[in-house]
Amino acid sequence: MKKIFIGLYTLTILLSGCKKDFLDITPDGRISLEDVFSDEKRTEAYLNTVYGSIPSYFWKYEFFNFLAAYTDECYAYGGNVIAWWAGALSPQGNPIANVQERGKGSNHYPTFWTGIKDANVFLSNIDQANVPGTTNRNRFRAEAQLLRAFYYWELIKEFGPMPIIKEPFTPTYDYTSLARPGFQECVDFIVSDCDAAINNPDLPMRISIGGERGRFTKAVAYAIKSEALLYNASPLWNPGNSTEKWQAAASAAKEALDVLTSNGYALVNDYESYFLSRSDISNNPSDKETIYEINDPQVDPVFSIINSIPSKPGMFKVGATPTQELVDSYDMQSTGEPAILGYNDEDHLEPIINVASGYDPNNPYVDRDPRFYATCWYNGAQYNNIGGTVHTMETYIGGADQLLKAPIGWAFTRTGYYLRKFVDPRLQSGQPEDTRWKKYRLAELYLNFAEAENEANGPTIEAHNAINTIRTRVEMPPLPASLTKEQMRDRIRRERRVELAIEEHRFWDVRRWKILDQTDKVATGMEIKQANGPTNINIPNASFEDGTTGWNFDLGATIIPIDGYTSSYVVAMPDGGHVWTTISGLQPNTTYELSMVMLVQAGTGYLGVRNYGGDEITSQATGADGLTQKKIQFTTGSGNTTAEIFSKWPAGNSGMIDDFALTKVSGAYTYQRFITETRNAWQDKYLIMPIPTKETAIIPDFNSHQNPGW
């Protein structure tokens, strides 16, 4: 084997930014590749180096941002995001490539070439490496092939086709000889590496040992292959709309689904909580949906501080806030129909309302797809919890979480919404989050198959079944069976948007569909104002002037006379207590605000509502609050006209309550769409990222075949 000292192993082209390999070294300070692969532990350490170029993704872009902020999904305030939307992308600089100190690999061009280089070095040496037994050797080889396929795929979907390099570069390699192949040739190479991994008997289908967390599997190979073939068939790379390409993509996705589901992969039951926890590793995990999760350490506690809401103590930044365009993409749950079909104007201020959907523009957040409630905080949403108290979101003008159009800043929404997906509201500011970035998951394969099947064969039963499997998970009605191919295409794209929201798919989807000029010119928000004020709802004996009449008393709660309150009597809780009553005559799908005066003398007391068509909601008071009026909001269910209101104090806690009040707040707001931001990065040249100038200056073919528009 020819010795090449790793300490001197550098590439000035394609691999700029390559990191030093941290391996044990010999006394003279150098170690050869021959030395590395003559030792089993060092061989495995080099494989870990190949894994080292996988980016963090997630919220690790410039100034703790999601990639969603660079799409029509979200707005965020940050220097590079603003530069992006101003059209600052160029071959000399890419705003997305800014390296964030808490993440790695956001500068994708050198990162992915480094991964390819390391994979090629490993693959060129593994057959002669000192790895006893064929099982480990075969598995190591398969992982390196799959990693090379991963890096190539991530590279070409961003920068277009790149030279296919299968062997390590030598110090005398002539880089000027490199030339760009076709996209199909690159995809064929990626698919061949994926197939080699799939056919390797020693590569497992799923990781079941905790110590192997983060290693690639056959399931990853199926996911990469499916995604690559889908993109290859899409309009950006399939201008002639070849049916064969769509059929290849459909067949790959179908095979992936058949194999993975027969090997225990399945959608998780709870969409919302799925994004709030790390996947478990075992032979029979509860998380059967995740195919690959980025193996980063525990999420930095700063995550809960920079993806927060104004009402939460300790917050610094609201992060990526959903746009009205994203909110408009969610269907109505009762009918299963799209609420908004599009816009009559380029500014998206005149929505085309689907009257058949049941959407009410005066109650826009009622009866939406459950994935909306799992993704966005909106006016009236119940944020559980802030210091043990359920907080009602107030995004209306003057509210605690109000929208502010100016000045531009970090600590408030400029769209009228806040991000809920990935954000665990139970955690207080500074507490570390347990979620990780799920790079590949089973739901994507269902969507890949539905899209490719519809394009290849029309809206078949199989295409419907794939989409309906995803919708059933969140209790959404199935798609109508009578859809045309064009209608099915629209519904599949909508489904992909809401199912994969904020997961870095939208950025690439609008490019491969070549609809960037339709989606990314403008971002809008919703300005909400209080209208004529709330409507009071009668609560009989709300101040207990008639004793216990109309109320249930338990656990020591008692009526006592007292001066100084708004009435002559209050309810005392000397050692815990419980009072409750049922309010009738409410309206379904309507939001109400319940309030009560409280004074805690020891411990805590609670105001609450239950049996209204949703989960029980409580608001907690402590002695530090003094005499206070606690409030909570709740929205009745579609068939609910009653609610049970109560105050409950645990044993050992004491205090007094008085003056229950209930007001109707639904319909008490006006809703006005407005332009949050006009954007410039939507021309055709933004469909593919430009090759960095330092590379085009060295490789003549790259300079001659720079991506269109640059």
Side-chain angles (χ1 to χ4, degrees), residues 66 68 71-75 267-276 307 309 319-342 348 351 353-354 357-384 392-393 395 401 403 413 415-425 443 447 467 470-477 479 490-503 505-506 523-526 528 589 591 613-615 633-638 666 669 671 673:
F66 287 82
T71 76
D72 65 342
E73 292 178 307
C74 290
Y75 167 87
L267 300 180
V268 299
N269 292 326
D270 189 336
Y271 180 87
E272 179 181 336
S273 64
Y274 174 63
F275 299 100
L276 302 181
N307 290 285
I309 63 172
T321 55
T323 62
Q324 187 61 47
E325 283 75 13
L326 177 60
V327 173
D328 286 345
S329 65
Y330 290 90
D331 292 350
M332 303 298 290
Q333 185 173 26
S334 294
T335 62
E337 287 294 312
I340 306 298
L341 298 175
H348 295 181
I353 296 174
N354 181 8
S357 69
Y359 174 76
D360 180 0
N362 294 315
N363 292 284
Y365 312 128
V366 172
D367 190 40
R368 303 300 288 272
D369 184 323
R371 288 169 291 190
F372 164 68
Y373 305 111
T375 303
C376 306
W377 294 114
Y378 58 94
N379 189 55
Q382 301 298 304
Y383 192 107
N384 188 9
T392 301
M393 295 293 298
T395 66
D401 312 292
L403 171 146
T413 178
T415 65
Y417 305 98
Y418 296 89
L419 180 64
R420 180 170 188 171
K421 195 171 185 178
F422 306 108
V423 179
D424 191 340
L447 290 162
I467 291 297
I470 294 174
R471 290 171 69 86
T472 298
R473 186 248 294 269
V474 291
E475 299 182 347
M476 285 295 291
L479 295 182
D490 177 69
R491 297 303 294 269
I492 290 171
R493 290 183 179 184
R494 285 175 174 272
E495 196 69 27
R496 189 175 180 91
R497 181 170 193 179
V498 301
E499 174 66 28
L500 303 177
I502 325 296
E503 296 181 51
H505 289 276
R506 182 69 175 174
T524 62
M526 184 69 81
I528 305 174
N589 295 326
T591 301
D615 296 335
Q633 285 191 358
F634 64 96
T635 302
T636 51
S638 59
S666 280
Y669 299 105
Y671 299 87
R673 294 165 183 259

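- If you run salt bridge (Lys or Arg N to Asp or Glu O under 4.0 Å) between Asp331 and each of Arg497, Arg368, Arg471, only Arg471 comes through.
- Nearest approach of Thr635 to Asn589, heavy atoms of both residues: CG2-C, 4.0 Å.
- A heavy-atom distance below 4.5 Å is found between the side chains of Val327 and Phe372.
- Side-chain N or O atoms of Glu73 include one that pairs as donor or acceptor with a backbone N or O of Ile502 at under 3.5 Å.
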request  = Start with the C-alpha distance between Arg473 and Val268, add both sets of side-chain angles, then the distance that settles side chain to side chain contact (heavy atoms under 4.5 Å, CB included), and finish with yes or no.
outcome  = CA-CA 8 Å; Arg473 186 248 294 269; Val268 299; 3.5 Å; yes
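- Around atom CG of Asn269, no more than 12 heavy atoms belonging to other residues, nucleotides or ligands sit under 6.0 Å away.
- For Gln333 (side chain) and Glu475 (main-chain N/O), a donor-acceptor pair under 3.5 Å exists by modelled atom type.
- Here the closest heavy-atom approach between residue Glu499 and residue Ala443 is recorded as OE2-CB, 3.5 Å.
- Between Tyr383 and Trp377, the ring planes lie tilted relative to each other; the angle falls in the 30° to 60° range.
- Contacts of Tyr75 classified as ring-ring contact (aromatic ring centres under 6.0 Å, His included), with partners at least two apart in sequence or in another chain: none.
- The CZ atom of Phe275 sits 7.5 Å away from the OG1 atom of Thr375 when rounded to the nearest 0.5 Å.
- Considering OG1 of Thr321 and CD1 of Ile309, their distance stands at 13.5 Å, rounded to 0.5 Å.
- The shortest non-hydrogen separation linking Ala374 to Glu272 is CB-CB, 3.7 Å.
- In terms of modelled atom types and a separation under 3.5 Å, the side chain of Tyr418 and the main chain of Asp401 share a donor-acceptor contact.
- Rounding to the nearest 0.5 Å places CG of Leu479 at 6.5 Å from CD1 of Ile467.
- Heavy atoms only, all atoms of each residue included: Leu419 and Ala320 are closest at CB-O, 3.2 Å.
- In this structure a side-chain-to-backbone donor-acceptor pair under 3.5 Å is present from Thr323 to Asp72.
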query = Would Gln324 and His348 satisfy side chain to side chain contact (heavy atoms under 4.5 Å, CB included), going step by step from the backbone distance to the final call?
reply = CA-CA 9 Å; Gln324 187 61 47; His348 295 181; over 6 Å; no
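- The two residues Leu326 and Ala501 have their closest heavy-atom pair at CD1-CB, 4.2 Å.
- Under the rule for a side chain to side chain donor-acceptor pair (under 3.5 Å), the partners of Thr392 that lie at least two apart in sequence or sit in another chain are Gln382.
- Not a single side chain to side chain donor-acceptor pair (under 3.5 Å) links Tyr373 to another residue, sequence neighbours left out.
- The CG atom of Leu447 sits 8.5 Å away from the CD1 atom of Ile492 when rounded to the nearest 0.5 Å.
- Within the structure, every pair that satisfies the salt bridge (charged side-chain N to carboxylate O under 4.0 Å, His left out) test and touches residues 319-328, not counting sequence neighbours, is listed here: Asp328-Arg673.
- For Ser334, the side chain to side chain donor-acceptor pair (under 3.5 Å) partners two or more places apart in sequence, or in a different chain, are Asp367.
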inquiry  = Is there a side chain to side chain contact (heavy atoms under 4.5 Å, CB included) between Ile528 and Leu403? Walk through the geometry before answering.
reply    = CA-CA 8 Å; Ile528 305 174; Leu403 171 146; over 6 Å; no
request  = Using the side chain to side chain contact (heavy atoms under 4.5 Å, CB included) rule, take Met332 and Glu337 through it: C-alpha gap first, then chi angles, then the decisive distance, then the call.
outcome  = CA-CA 6 Å; Met332 303 298 290; Glu337 287 294 312; 5.6 Å; no
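- When only modelled atom types and interatomic distance are considered, Tyr365 and Tyr417 share a side-chain donor-acceptor pair under 3.5 Å.
- Closest approach of Arg494 and Ile340 over heavy atoms only: NH2-O, 2.7 Å.
- Between the side chain of Asn354 and the main chain of Leu341, no donor-acceptor pair closer than 3.5 Å is present.
- To the nearest 0.5 Å, atom CZ of residue Arg371 and atom OH of residue Tyr271 are 6.5 Å apart.
- To the nearest 0.5 Å, atom CD of residue Glu495 and atom CG of residue Asp490 are 11.5 Å apart.
- Of the possible polar contacts, one joining the Thr335 side chain to the Ser357 backbone as a donor-acceptor pair under 3.5 Å is found.
- Every residue was checked against the side chain to side chain donor-acceptor pair (under 3.5 Å) condition with Asp615, not counting sequence neighbours, and none meets it.
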